[in-house]
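Inspection log for the structure reproduced underneath, given as structure tokens.
Letters go in sequence order (proteins before strands), and every chain restarts at 1.
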There are 2 protein chains.
Amino acid sequence: MSDAPKPPAQQVHHELRTAENSAGHVLPKLRAMKEKNPNLTLLDVGAGSGTISVTFAKAIPDGHVTAVDLNPGILPRAQAIADESGVTNITFQQADAYKLPFPDATFDITYCHQMLTHLKAPWDALAEMLRVTKPGGLVAAREGDLETECSWPELAGVQKFHSFAAAMIKFSGGSPNGGRQLLSWALKAGAPRDKITVSFGTWWYDTPEEKKAWAQGIIDNINGSRLRGAGLKMGLVTEADLEEMVKDWNEWAGRDDASLAMMHGEILIER
Amino acid sequence: MSDAPKPPAQQVHHELRTAENSAGHVLPKLRAMKEKNPNLTLLDVGAGSGTISVTFAKAIPDGHVTAVDLNPGILPRAQAIADESGVTNITFQQADAYKLPFPDATFDITYCHQMLTHLKAPWDALAEMLRVTKPGGLVAAREGDLETECSWPELAGVQKFHSFAAAMIKFSGGSPNGGRQLLSWALKAGAPRDKITVSFGTWWYDTPEEKKAWAQGIIDNINGSRLRGAGLKMGLVTEADLEEMVKDWNEWAGRDDASLAMMHGEILIER
């Protein structure tokens, strides 16, 4: 039991992210680069509460991680997570992915996760990431593809929620199917095709604990004022839709045969 | 150049399958079991031309693989592939997945890939696989989920082809979204929930060579008499649709920014 205020469900889920579960395609290359140079510098763009950044910092104990986010409000939480982990080779600061406040060729590795899909011009952010990365360095991204999300059983309220979530991302100018577009964005950012490696990864939930946590996060979001208010105002959902979503997410979480999976697009760009 | 008849495109693609690329979720467990017992016996159900079976046989050189398929016509091709590979610890035979011609508890590992999605009652086949597997053994399956297939750019003819392929599987009683249903099928087959491990994997194509090979296989299929004839007869497609599919697959294969990915559901059941 703790009296500390409970962080929002979305944040709780984001804080489960680590370099191991969210940057698996980067780690083998990072380790090879570390062999040659233990003092690697890594930039994490759109780091949020920084759980991935902190695990990157642990992976390069003689290097340094700079973690930036557009939202300055998240930075104290990120610093607290680093402090709790005893990680000191990390710096947090506010920054806009379109205008990174760093000179050309500053970092060995520049990384982002679930960031480009929220942007109107993700290729411009990728070009910025390429700019601040040293020649011989690495730019890496991993972005979800909401339209590949598949759940079982196929409950109407769960499927409605997925469509609603995709519509919200589209409405704010993002790309719910960003995962499949990473290669095209990288080319548009000016990366040569033969320097780009494409892969696809997955995450999924099927255990009772995972399903309960995931569904509860979504239900809290549906019942929260922000998503609910925006969805109703834009006419994307009705009160009845929202009720059906909550009912069906609860049913999904309680069923032994339920699972949910989604693909992520992944790219590595050699600078 | 060779005068040998060219195998159908579908078969060419199937023959790229190996245990490494199509049974990655099984191999760590198989290796652990082999440590304890080098003489493992493995059954591959719906093995087709047996390329996965042959790589399994190589992985257990002191064990034995039995590879079965409903279609006796494929067995000579499978035997030829084994012979070419110099693999001798393998036997091919005709068998129906619903009525496997083996006593209870015959095999240490029973495996299938892209087989259950084609059946009307996949849980009955899984129950048969459980029956012929020894207590302490392993049943493993990997099945595609066509509805998660995502391609970029989103060309109308490519998307029409995906819908057409899914409709054809449905029409013959199968499940184009089988990948996400594996857990529910395993429970329906009588497997206890705590003996089932779920995972999801991907495959994708993004290099010029892969894209050309994949698109050509599909174009050959579209132009071939079987798929074309069946689709037209059932009213699932028109001649104009088929032309658009060929045109757009050619465009897709020729584009630098094109990619295609799909998820597979995977299960391991401890017997």
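- Most heavy-atom pairs under 4.5 Å with chain B: of the set Asp206(A), Thr207(A), Asp145(A), this distinction falls to Asp206(A).
- Every residue was checked against the salt bridge (Lys or Arg N to Asp or Glu O under 4.0 Å) condition with Lys120(B), not counting sequence neighbours, and none meets it.
- Residues of residues 166-182 of chain A that come within less than 4.5 angstrom of chain B, heavy atom to heavy atom, are Asn177(A), Arg180(A), Gln181(A) in numerical order.
- When the heavy atoms of residues 247-263 of chain A are compared with those of chain B, the residues falling under 4.5 Å are Asp256(A), Asp257(A), Ala258(A), Ser259(A), Ala261(A), Met262(A), Met263(A), listed by number.
- Contacts of residues 190-202 of chain A with chain B at a heavy-atom distance below 4.5 Å involve Arg193(A), Val198(A), Ser199(A), Phe200(A), Gly201(A), Thr202(A), listed in sequence order.
- When heavy atoms are compared at a cutoff of 4.5 Å, Glu149(A) does not approach chain B at all.
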